[in-house]
Peer 1: 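Have a look at this one before I ask anything.
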Amino acid sequence: MSSVVDQRPGPLTAGAPRPVPPRRCTRLLALPEARWALASLLLFLLALPVYLLDAPAWAWGPLFAACYVTGGWEPGWEGLKALRDKTLDVDLLMVVAALGAAAIGQVLDGALLIVIFATSGALEAVATARTADSVRGLLDLAPDVATRLRADGAEETVDAERLAVGDVVLVRPGERVGADGRVLDGASDVDQATITGEPLPVAKQAGDEVFAGTVNGTGALRVRVERDPADSVIARIVKMVEEASGTKAPTQLFIERIEQRYSIGMVIATLAVFCVPLAFGDTLQSALLRAMTFMIVASPCAVVLSTMPPLLSAIANAGRHGVLAKSAVVMEHLGQVDAVALDKTGTLTEGTPRVTDVLPLPGSGLDEDRLLALAGAAEHPSEHPLARAVVRAARSRGLTLAEATGFTSSPGAGVTATVDGHALRIGSPARLLPEGSPELDVMVRSLEDGGRTAVLVLRDDAPVGVLGIADRLRPDARATVAALTELTGRTPVLLTGDNERAARRLAAEVGISDVRAGLLPQDKVAAVRAWEAEGLRVLVVGDGVNDAPALAAAHTGIAMGRAGSDLALETADAVVVRDELATVPAVVALSRTARRLVVQNLVIAGTFIAVLVAWDLTGTLPLPLGVAGHEGSTVIVGLNGLRLLREAAWDRAALGRVGPGRGGPGRGGPGRVKPGRVGPERDR
């Protein structure tokens, strides 16, 4: 709370969003990959009905030719550059296969291949651009200018980046702190959610550390700069996200892991099929027809469709249920995780403090409603989140709040106001609790031992009651932890910037034993990298800017979407849009189902290719039969993958991991778990 009369709007008003980076968003069509892919798709859609209606070639031929050029020139050019570096990739072979198909009349097949690959490249470019936008936006958390105090006490406005270690800056109420440093003088509450993820502002006074980009409350602070702006915590977060995004080796889809061998083998085999018969006297037309037939039946169309439809169907199904996976690679990664790290505030908890206990002191003459009404009236002018929680609780009971006069607030202590002719003081028991009050001390200790924050209410300097305030556990948190434990074979780990006591209280409620508390963003990254150095594939679930580096460094990151910061949402591989935590294990289970279907499809596609290729090499495979076999295998694997679009696929994934007997609705699951509570141990 502040040390001044509350006459200006507080920066930390209830319901106000946490400080997050301004949203920067690259326009979709600003990316050349997206423009070429869109052009190729539109040309394909224009040519398709004309072709299917048996129109003359001059009607659909130019359209298909333009489709090939717009969608195929970029992967073809990249493939040629890779070829210059003595590397073959499937992209180049796709273009060659498409041209080969067109050369023997299978224009539609080739165009479809071109469109698929152009669209995939565009999606990858969009994801990369959006992440870069968000990282750049994070820099706007730090202010552009700061008020520096000269040795003679005069003030001067300077660029924040020009601050040097040892400079003293003045941080006025509502301003962002300009640099990492230590408080020399003054007292205020500072919202550090962007750095530590703590749900409530932290009281700061002389000797306490503050971070660049955090938001000052209504008190004024004099801060000595202790880090160069380029080395601030915010700057290091940006650097870690960029490094993790750039150095994290992208695990390719299964087919891409065999790309080189397949590419080289297909080229050699195609040349052999063409040249060997010629060497033994075959005619040029016959050899060319056999080679083109081989090119068609050996084309990896079915192999490509083996991978994409199951993963894309899983993405679509998960999206209908509030989980947005950003790519097929992400959906594949989700099924590979074998360790999970969870954030606390805003992930396992709802991130909003609520009044959980109203305890009038015996002999005070007050009941619960009267105590809450008095506290709500006194707290009404305050901007503090705990004060807002008290006011919300009073209004939810339909209580009338009297007018408060003479309101003042003090950081770390509480508020003072006059209500109905009585002087009220509300705040931290550590500051207000009178000596020789064993009964009151027991009430406060009981609340704090239960993980709640205790708020003491004094009327005319006499204690009249205590309020308990806590951040509420999500109803499905316990079931989610149990389901993730079953999926991965190990209990999730709690990574939080909050204090040890509150973190362990919450962890005990949800069944987590490994707790890492008081962590800064770099500490979370270090923990994730240590696990991955042991060979674990880590899934990180978080929501704040402070979680973004860990989300980027992890094998897979999932952000809670409703309260998640822009950076977390852009950095994460998937987003839980509706904030339903139970969907996390469900989407992991769905991903594992998709990966099993991918393997099935690859077996089917491989079998068809092997049989048709063998037929073409050992006999005379009629071109129409080869095309029918090739297209038939494509249809089969496509339909097999589309099975995951059905509602039953999600139901099986959810019930199989969060169902009766596994911590689900039938036995302590989301429908039965009682909300738990955990309160941050912070003074007001």
Peer 1: Quick check: do Y68 and W73 have side-chain heavy atoms less than 4.5 Å from each other?
Peer 2: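 Counting from C-beta outward, Y68 and W73 never come under 4.5 Å.
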
Peer 1: Looking at L348 and A477, what are the two nearest heavy atoms and their distance?
Peer 2: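 Closest heavy-atom pair between L348 and A477: O-CB, 3.9 Å.
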
Peer 1: Would you find a donor on one side and an acceptor on the other, under 3.5 Å apart, between the side chain of R643 and the backbone of L597?
Peer 2: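 Answer holds: no.
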
Peer 1: For a quick test of reading the model, state the closest non-hydrogen atom pair linking A586 to A653 and the distance between them.
Peer 2: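 Residues A586 and A653, closest heavy atoms: O-CB, 3.5 Å.
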
Peer 1: Can you measure from NE2 (H333) to OG (S591) and round to the nearest 0.5 angstrom?
Peer 2: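 Atom-to-atom, H333:NE2 and S591:OG are 9.5 Å apart.
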
Peer 1: For A325 and M331, work out which heavy atoms get closest and say how close.
Peer 2: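 Nearest heavy atoms, A325 then M331: CB-CE, 3.9 Å.
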
Peer 1: Donor-acceptor pair, E532 side chain versus H555 backbone, under 3.5 Å?
Peer 2: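 Checked: pair present.
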
Peer 1: Search all heavy atoms of A507 against all heavy atoms of V515 and return the closest pair with its distance.
Peer 2: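 Closest pair (atom of A507, atom of V515, distance): CB-CG2, 3.4 Å.
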
Peer 1: Side-chain contact test, heavy atoms from C-beta onward, threshold under 4.5 Å: evaluate it for I558 versus V576 and give yes or no.
Peer 2: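 Counting from C-beta outward, I558 and V576 do come under 4.5 Å.
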
Peer 1: Output, in order, the C-alpha distance, side-chain angles, deciding distance and verdict of side chain to side chain contact (heavy atoms under 4.5 Å, CB included) for R592 and L487.
Peer 2: CA-CA 10 Å; R592 294 189 175 185; L487 278 166; 4.1 Å; yes

Peer 1: What's the separation between atom CG in L342 and atom CG in L484, rounded to the nearest 0.5 Å?
Peer 2: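 L342 CG to L484 CG: 6.5 Å, rounded to 0.5 Å.
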
Peer 1: Say whether, by atom type as modelled, one donor and one acceptor occur between the side chain of R474 and the main chain of E580 under 3.5 angstrom.
Peer 2: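 Not a single qualifying donor-acceptor pair exists.
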
Peer 1: For the side-chain contact (heavy atoms from CB on, under 4.5 Å) test, which of T556, I512, L539 pairs with V340?
Peer 2: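 In the set T556, I512, L539, the residue that makes a side-chain contact (heavy atoms from CB on, under 4.5 Å) with V340 is L539.
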
Peer 1: What distance do I609 atom CD1 and I604 atom CD1 have between them, rounded to the nearest 0.5 Å?
Peer 2: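 CD1 of I604 is found 12.0 Å from CD1 of I609.
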
Peer 1: Does the side chain of D514 come within less than 4.5 Å of T491's, by heavy atoms?
Peer 2: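 Answer no - side chains too far apart.
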
Peer 1: List the atom of A553, the atom of V525, and the distance in Å for their closest heavy-atom pair.
Peer 2: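 Nearest heavy atoms, A553 then V525: CB-CG1, 4.1 Å.
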
Peer 1: Just so I know, are the side chains of W60 and L46 near enough to count as touching, which here means a heavy-atom distance under 4.5 Å?
Peer 2: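 SC-SC contact between W60 and L46 ruled out.
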
Peer 1: Would you find a donor on one side and an acceptor on the other, under 3.5 Å apart, between the side chain of T347 and the backbone of K344?
Peer 2: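 Looks like no, no N/O pair under 3.5 Å.
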
Peer 1: Taking S40 for its side chain and W36 for its backbone only, find out whether a donor-acceptor pair lies under 3.5 Å.
Peer 2: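 Not confirmed, S40 side chain does not pair with W36 backbone.
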
Peer 1: With rounding to the nearest 0.5 Å, note down the distance linking CG in L38 to CG in L43.
Peer 2: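 So the gap between those two atoms works out to 9.5 Å.
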
Peer 1: Rounded to the nearest 0.5 Å, how far does CG of D523 lie from CG of L495?
Peer 2: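 L495 atom CG to D523 atom CG measures 10.0 Å (nearest 0.5 Å).
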
Peer 1: Within the distance-only criterion (no hydrogens, no angle test), does the side chain of R537 pair as donor or acceptor with the backbone N or O of D338 below 3.5 angstrom?
Peer 2: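 Not confirmed, R537 side chain does not pair with D338 backbone.
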
Peer 1: Shortest non-hydrogen contact from L63 to A47?
Peer 2: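 Minimum heavy-atom separation between L63 and A47: CB-CB, 3.6 Å.
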
Peer 1: Can you measure from OG1 (T349) to CG (L506) and round to the nearest 0.5 angstrom?
Peer 2: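 The CG atom of L506 is 7.0 Å from OG1 of T349, to the nearest 0.5 Å.
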
Peer 1: Between N317 (side chain only) and R646 (backbone N and O only), is there a donor and an acceptor less than 3.5 Å apart?
Peer 2: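 Between the backbone of R646 and the side chain of N317 there is a qualifying donor-acceptor contact (under 3.5 Å).
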
Peer 1: Check whether any side-chain heavy atom of L581 lies under 4.5 Å from a side-chain heavy atom of M560, and answer yes or no.
Peer 2: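 Yes. Closest side-chain heavy atoms under 4.5 Å.
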
Peer 1: So, does T488 use its side chain to make a donor-acceptor pair with the main chain of A339 at under 3.5 Å?
Peer 2: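 Pair absent, no side-chain N/O of T488 close to backbone of A339.
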
Peer 1: Mind checking whether T583 and V587 have side chains closer than 4.5 Å, heavy atoms only?
Peer 2: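 T583 vs V587: side chains apart.
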
Peer 1: Begin from the C-alpha positions of W531 and V493 and carry the test side chain to side chain contact (heavy atoms under 4.5 Å, CB included) through to its verdict.
Peer 2: CA-CA 11 Å; W531 289 319; V493 179; 3.7 Å; yes

Peer 1: Go through the steps to decide whether L473 and E509 satisfy the test side chain to side chain contact (heavy atoms under 4.5 Å, CB included), and finish with yes or no.
Peer 2: CA-CA 9 Å; L473 187 69; E509 291 198 40; 4.2 Å; yes

Peer 1: Does T485 use its side chain to pair, donor to acceptor, with the backbone of V481 at less than 3.5 Å?
Peer 2: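 Side chain of T485 to backbone of V481, a donor-acceptor pair under 3.5 Å: yes, one is there.
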
Peer 1: Quick one: does V540's side chain get under 4.5 Å of K524's, heavy atoms only?
Peer 2: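 No, side chains not in contact.
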
Peer 1: Looking at V330, is its backbone amide N or carbonyl O close enough to the side chain of D573 to form a donor-acceptor pair, meaning the two atoms are under 3.5 Å apart?
Peer 2: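 Answer holds: no.
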
